[in-house]
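Convention: sequence-line order gives letters A, B, ...; per-chain numbering from 1. As the structure is a computational prediction, the values presented were derived from the model and not from experiment.
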Amino acid sequence: MQIEFHLGTFIAMMINFIILMVVLVCLLYRPIQGILEQRRQKIINDLNEANQSKELAERLYKEAQIALEEAHVEAYEIVEKARQEAERLSQELTDQTRRELDQLRKRAIQEIERAKLNAREQMREEAVNLALLAVKKLISSNMSPQINGDLIRRAVDEIAKGDKQHDIPGGA
Amino acid sequence: MISPVVHNYALAMVQLASSKGSLNQVRECAEVLTEHLAVADVKLFLESPRVRGTIKREFLQKLLPEESPQEFLNFLNLTVDRGYGGLLPDILAKVIDYSIEAVGYEIITVITSEPLEEAEQEQIRSRLEEMWETRLFPRYRVNPGVMGGLIVMRGDKLYDGSLAGQLQNLRQKMLMATE
């Protein structure tokens with residue numbers, strides 16, 4: 001089979017091809033070009049946004065670092081202050097306890113001294129009372145009307161002289 | 001401390017008796033009544049508000065001698081009517097005291113450990129009268145606690161010539177000396 005070349009067919013086909021190309025360019029290429037442009041623009045925007053986000057993230061990170069450092073310092077100060085307060089309270093408590101112990105010791109010493117004095121006083125009184133009891137018994141056993149009469153006469157003489165005088169308690 | 005009622009009633013009675021010349025009789029009546037009133041039940045009877053005044057008056061008059069002065073009877077009636085029957089023992093004691101003082105005696109109290117014989121009492125009275133230059137009416141009391149010697153109470157003064165007092169002084173001195 002032999003292929004024949006026809007110029008007219010060839011020209012018609014060329015014209016068809018050119019028309020097809022024009023139609024394709026007009027109908028498909030330009031919209032695709034627009035879509036590609038939009039796509040490119042969007043990618044550029046996304047990249048810009050990504051860069052901005054990265055910068056924001058870096059900035060926030062730095063701020064967070066600074067805040068963390070400040071928090072560390074503040075926490076240290078709080079701990080330090082608490083430690084000092086605890087030391088002060090501990091010291092105060094120790095001083096107060098020491099003062100109270102001192103007072104208790106002094107009071108105990110005073111009470112012991114007072115008890116010693118009282119005991120000594122009681123012993124002295126007991127001794128004197130015993131001695132006087134013995135004297136009273138001696139006097140009672142030796143008392144006679146004659147001795148009593150003498151005592152009365154002597155007492156009257158002393159009273160007459162103004163001795164032995166007292167005010168009666170609660171008297172008029 | 002004497003109640004003003006006791007003082008006023010007793011003084012009024014003694015002044016009235018003095019002016020009527022019946023001081024000794026009033027004193028005797030007061031002494032007789034005092035003896036009877038020493039019984040606790042009689043005192044309760046006189047203090048009781050349930051017993052009427054007329055019954056109290058009749059009772060008191062029965063205790064008195066028949067020749068009691070009228071002013072003394074009136075005085076008793078007045079005392080009971082005014083509601084001072086409970087104070088009667090105190091008032092009578094003061095009537096006795098004031099009637100003694102009204103005739104120029106000073107009342108003193110002498111306390112001894114044993115009862116004194118009359119001669120001893122007289123000796124003490126005359127010695128004290130001589131020294132104090134006044135007429136005395138001693139009341140003698142016995143208190144064994146005195147031990148020996150005597151105590152004389154004159155008005156608001158106390159003269160302690162007792163062995164108990166001397167021992168008390170000795171006790172004080174011993175306590176002071178051993179301090």
Exercise. Relative to chain A, which segment of B:S162 carries a heavy atom at a distance below 4.5 Å: side chain, backbone, both, or neither?
Worked result: neither
For this session: Taking the side chain as every heavy atom from C-beta outward, state whether B:V14 and B:L23 have any atom pair closer than 4.5 Å.
Result: yes
Problem set entry | Contact class of A:A127 relative to chain B, heavy atoms under 4.5 angstrom | neither
Seminar exercise, completed: Okay, A:R120 and chain B: the region with an atom under 4.5 Å from a heavy atom over there is neither
Exercise. Quick one: are B:S48 and B:V51 in side-chain contact, heavy atoms under 4.5 Å?
Worked result: yes
Exercise. Which pairs pass ring pair (Phe, Tyr, Trp, His ring centres under 6.0 Å) with one or both residues in residues 8-33 of chain B, sequence neighbours excluded?
Worked result: B:Y9-B:Y84
Problem set entry | Salt bridge A:R98-A:D95, side-chain N to carboxylate O under 4.0 Å | yes
Problem set entry | Partner chain B: residue of A:I147, A:N129, A:D150, A:V135 with the largest heavy-atom pair count (under 4.5 Å) | A:N129
For this session: Pull out the residues in residues 122-142 of chain B that come under 4.5 Å of chain A, heavy atom to heavy atom, sorted by number.
Result: B:Q123, B:I124, B:R127, B:L128, B:M131, B:W132
Exercise. Is the closest side-chain heavy-atom distance between B:M153 and B:I108 below 4.5 Å?
Worked result: no
For this session: Return each pair, listed once, that meets ring pair (Phe, Tyr, Trp, His ring centres under 6.0 Å) where at least one residue sits in residues 18-40 of chain A; pairs must be two or more places apart or across chains.
Result: none
Exercise. Are A:K81 and A:E77 within salt-bridge range, i.e. N to O under 4.0 Å?
Worked result: no
Problem set entry | For chain A, the option from B:G165, B:G148, B:G149 that forms the most heavy-atom pairs under 4.5 Å | B:G149
Seminar exercise, completed: Under 4.5 Å to a heavy atom of chain A? For B:L163 that would be side chain
Problem set entry | 4.5 Å side-chain heavy-atom contact, B:Q121 and B:E117 | no
Problem set entry | Selection residues 30-39 of chain A - residue pairs positive for salt bridge (charged side-chain N to carboxylate O under 4.0 Å, His left out), sequence neighbours left out | A:E37-A:R40
